[in-house]
Amino acid sequence: MARISKSKNNAAEIPQHIAIIMDGNGRWATRRALPRNAGHAAGSETFRRIATYCRSIGVKYLTVFAFSTENWKRSAEEVQGIMQLFDKYLHEAIEEMARDQIRLRVLGDLTRISPELRALIEQTDEISQEYEGFQANICINYGGRDEIVHAARAFARDCADGRRTPEDLTEAMFSGYLYTEGIPDPDLIIRPSGEIRISNFLLWQSAYSEYYFTDVLWPDFDEAELDRAIESYHRRERRYGGAQ
Ligand code: FPP
């Protein structure tokens, strides 16, 4: 049973932006003698559930790592299964977004994504552009280093075209070249499944984020686990490099 409620919500208590590395789907499936894609399907349901919960307690942004620039190394069957889950989710989300005023963005290098899925991503992006409630960001073909290189290239292009000079560049301006443009940095980053590393996720944006690691596998992650993560976040003192 969830303990953190919206009535208790205030800016100090609820992180504005939570990011999650959705890890452990494969192990969850293997432990049940199921194909790996059954784990991803279960993980997709967990994402829905946690997004609904985040919205209900007043989190403003939820960003999830769904497919990395390295995940193409997996079998064609697994990659195709994950892409089908994205397709299914986005189709279903169209109705939900309008009903609940949810902004949905897909972040990453979409050039390698099939034209059909890319068209669907563009459609959901366009439909939800004006919705100002909760925002879900799904990272697909995303890599933190890739994102920084992509941003540096875009800035260099603007310099070459005469729109900017190297001296113009500030941290805030550089942030505007990232896929996460306009999205505040994550307050809390959660990684389930017992791995204690960041795996190329939001490298620039996580400079001052708090981390929460848990052994729970992503398909088993639930509202109570999110409450534990938020409670742990409450106990941290965020100093952003300042003195105690
Ligand atoms: C990592 O677990 C998970 C992935 C690479 C895929 C995540 C995809 C989904 C949850 C499905 C679709 C999502 C949405 C938002 C609709 P892993 O396979 O590396 O797990 P393992 O480490 O146990 O093998």
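In this text the structure is predicted, and so the values were computed from the model without any measurement. Indexing begins at 1, ligand by ligand and atom by atom, following the structure's order. Hydrogens, waters and symmetry mates play no part in the numbers below; they use all other heavy atoms, side chains included.
Note: no N/O pair closer than 3.5 Å links Val64 and ligand 1 by distance alone. Below 3.5 Å of separation, one finds an N or O of Arg74 facing an N or O of ligand 1. Below 3.5 Å of separation, one finds no N or O of Tyr89 facing any N or O of ligand 1. An N or O contact shorter than 3.5 Å links Arg36 to ligand 1 by distance.
With hydrogens and angles left out, the side-chain atoms of Arg228 and Thr214 include no donor and acceptor closer than 3.5 Å. Residues Arg236 and Ser232 have side chains that bring a donor and an acceptor to within less than 3.5 angstrom of each other.
The side chain of Asn71, and not its backbone, has at least one atom closer than 4.0 Å to an atom of ligand 1 (non-hydrogen atoms only; side chain from C-beta on). Contacts of Glu92 with ligand 1, taken as heavy-atom pairs under 4.0 Å, are absent altogether.
Using a 4.0 Å heavy-atom cutoff, Gly24 is listed among the residues neighbouring ligand 1.
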Task: Residues Gln205, Tyr179; criterion side chain to side chain donor-acceptor pair (under 3.5 Å); working and verdict - done: CA-CA 11 Å; Gln205 300 86 340; Tyr179 297 130; over 6 Å; no
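Figure legend: Arg31 and Trp28 shown without cation-pi pairing, the cationic atom not lying both under 6.0 angstrom from the six-membered ring centre and within 45 degrees of its axis.
What sits closest to atom 15 (C) of ligand 1 on the protein, heavy atoms only, is Phe47 CD2, 3.5 Å.
Tested against Phe67, the residues Tyr142, Trp72, Phe201 include a single ring-ring contact (aromatic ring centres under 6.0 Å, His included) partner, Trp72.
Across the listed options Gly81, Ser44, Ser199, Gly26, Ser44 owns the non-hydrogen atom lying nearest to atom 16 (C) of ligand 1. Nearest residue to atom 14 (C) of ligand 1 from Phe67, Phe86, Trp28 is Phe86 (criterion: closest heavy atom). Looking at Arg27, Lys88, His40 and measuring to atom 4 (C) of ligand 1, the nearest heavy atom belongs to His40.
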